[in-house]
Protein chains: 2
Amino acid sequence: MSRPSARDAILDAAQRIAAERGVSRITLEEVARESGLSKGGLLYHFPGKEALIQGMLERLISHTSAVREANEQALVGERHRTLRSLLATRSSDEVLNPHVVTAVLAAAAEQPALLDPLREHIAGVRQQIIHEAGDDPLYWLLWAAADGLLLQEVLGIAPHPAEQRDRVHQRLLDLAEELLQ
Amino acid sequence: MSRPSARDAILDAAQRIAAERGVSRITLEEVARESGLSKGGLLYHFPGKEALIQGMLERLISHTSAVREANEQALVGERHRTLRSLLATRSSDEVLNPHVVTAVLAAAAEQPALLDPLREHIAGVRQQIIHEAGDDPLYWLLWAAADGLLLQEVLGIAPHPAEQRDRVHQRLLDLAEELLQ
DNA sequence: ATAACTATACCAACCAGACGGTACAGTTAC
DNA sequence: GTAACTGTACCGTCTGGTTGGTATAGTTAT
């Protein structure tokens, strides 16, 4: 690859479109225009729209898991490192842009298999948690709570006002601290 | 309306299509065919696709909230009735079909305002909870956990296996019992 | 050294199908 | 007679994807 950043440039473009113009505007032509490529050039890198969305999801996963792993470093030696780092990780808007998540979700509605890489990733983290501390419904409940906070926010269906977000999230961390020993 | 069930028949058809053939197959023509109406007749009842999706969401909300309210009846006189009934309500597949939720979510990705009725409903329940027991981040956290379980399941991204679903949910109810006093 | 060849990275133009929506004339049921 | 349809024909637009071609850098053979 002469410019190894071409893929990233395309993904950035798609992300920008989702955020500024709406998820429905992520069409091959618009992404091509926004990224400065022709439609043909775009399709050279991603051989179809599905591959493009797949790419967005994969980048999402790798970024988010990088943040979590960094978080985990701060917990070295402690118990429940994986789970606690998971709960603490609330992805920044830059990494986990609601519009991007929505785009992936919308695509997944028509192509459930699209989320497979995510499912694999989840399964891996689950195994890590089990290896670390066994299998307890409590763990999955805490995980669900963290996911719930995130998804509520992304979908704009949180019952609590945005200003209380941090407080609610902190409550989750406190609760985890208390329940996990 | 000569047949007050026409709307419901249409909504049922759309739901069936979503479940059996995929969300993307919810087109005006297919819904008309599946419901036994002509396209003209369909458009007579729902003046556009957006209205159709809106209708699906509204029925979803009313059914789910009916289940919750029934649940609430069983808690008459107790504290935190609204919140506890909310946590206990895990909608049946017939009411809260994953495919239907996905369909609404997919549509909402392109039309965020579509979720407004849901947001209003949420705000109402929130007010009820506050009126009942005040405003505590814990309440919204528990709610988020319940939503997380539901959304994880609907999206197929739950870390726990399906067989443990009930156990995890039960853990949520136990935890709520313990924390709400 | 240089001609022949290959792989990569694109571009411009086109296409076939689908979809939402309109129009409208006619029909049925109460 | 009016509300609730049927049925069909049509349209404009959008979209994903294909095709066939070009430019260029690098590699190989002689």
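Within every chain, numbering begins at 1; the chains are lettered A, B, ... in the order of the sequence lines, protein sequences first and strands thereafter.
Applying the side chain to side chain donor-acceptor pair (under 3.5 Å) rule to B/Arg21 yields the partners B/Glu30, B/Glu34; only residues at least two apart in sequence or on another chain are considered. By the side chain to side chain donor-acceptor pair (under 3.5 Å) test, A/Ser65 is found to be paired with no residue, residues two or more places apart in sequence or in another chain being considered. Considering only residues two or more places apart in sequence or on other chains, B/Asn71 meets the side chain to side chain donor-acceptor pair (under 3.5 Å) condition with B/Thr89.
Between B/Arg33 atom CZ and C/dG20 atom P the separation is 12 Å, expressed in whole Å. In this entry the distance linking CG of A/Leu28 with C1' of D/dT15 reads 8 Å, nearest Å. Distance CD1 (A/Ile26) to C1' (D/dG16): 15 Å, rounded to an integer number of Å. Taking atom CG of B/Leu43 as the reference point, atom P of D/dT8 lies 16 Å away to the nearest angstrom. In this structure, the CG atom of A/Leu37 is 11 Å from the P atom of C/dA12, given to the nearest Å. Taking atom CD of residue A/Glu29 and atom P of nucleotide C/dC15, one finds them 15 Å apart after rounding to whole Å. Following rounding to the nearest Å, B/Arg7 (CZ) and D/dC5 (C1') show an atom-to-atom distance of 16 Å.
Taking 3.5 Å as the limit, the base of D/dG7 and the side chain of B/Lys39 contain no donor-acceptor pair of atoms between them.
Toward the 5' end of DNA chain D, the nearer of the two residues A/Glu30 and A/Gly40, judged by each one's closest nucleotide, is A/Glu30.
When distances run from any side-chain atom of A/Ser38 to the nucleotides D/dT15, C/dC11, C/dG21, the shortest one goes to C/dC11. Of the candidate nucleotides D/dG16, C/dC19, D/dT6, C/dC19 has the atom nearest to the side chain of B/Thr27. Looking at the side chain of A/Ala6, the nearest of the listed nucleotides C/dG21, C/dC10, D/dT15 is C/dC10.
For residues 46-57 of chain B, proximity to DNA chain C is found at B/Gly48, B/Lys49, defined as any non-hydrogen atom under 4.0 angstrom from a strand atom.
At distances below 3.5 Å, not a single donor-acceptor pair connects side-chain atoms of A/Glu110 with backbone N or O atoms of B/Gly22.
Taking only side-chain nitrogens and oxygens, A/Tyr44 comes nearer than 4.0 Å to OP1 or OP2 of C/dA9. Between B/His45 and the phosphate of D/dC5, there is a side-chain N or O to OP1/OP2 separation shorter than 4.0 Å.
Among the protein residues, A/Leu42 comes within range of no part of the nucleic acid, since none of its heavy atoms lies under 4.0 Å from any strand.
Screening residues 111-121 of chain B for side chain to side chain donor-acceptor pair (under 3.5 Å), with sequence neighbours left out, gives B/Asp116-B/Arg119. The salt bridge (Lys or Arg N to Asp or Glu O under 4.0 Å) contacts involving residues 169-181 of chain B comprise B/Arg84-B/Glu177, where partners must be two or more places apart or lie in separate chains.
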Checklist entry - Checking side-chain hydrogen bond (donor to acceptor under 3.5 Å, both in side chains) for the pair B/Gln128/B/Arg81: CA distance, chi angles, key distance, verdict? => result CA-CA 10 Å; B/Gln128 205 174 320; B/Arg81 291 171 62 201; over 6 Å; no

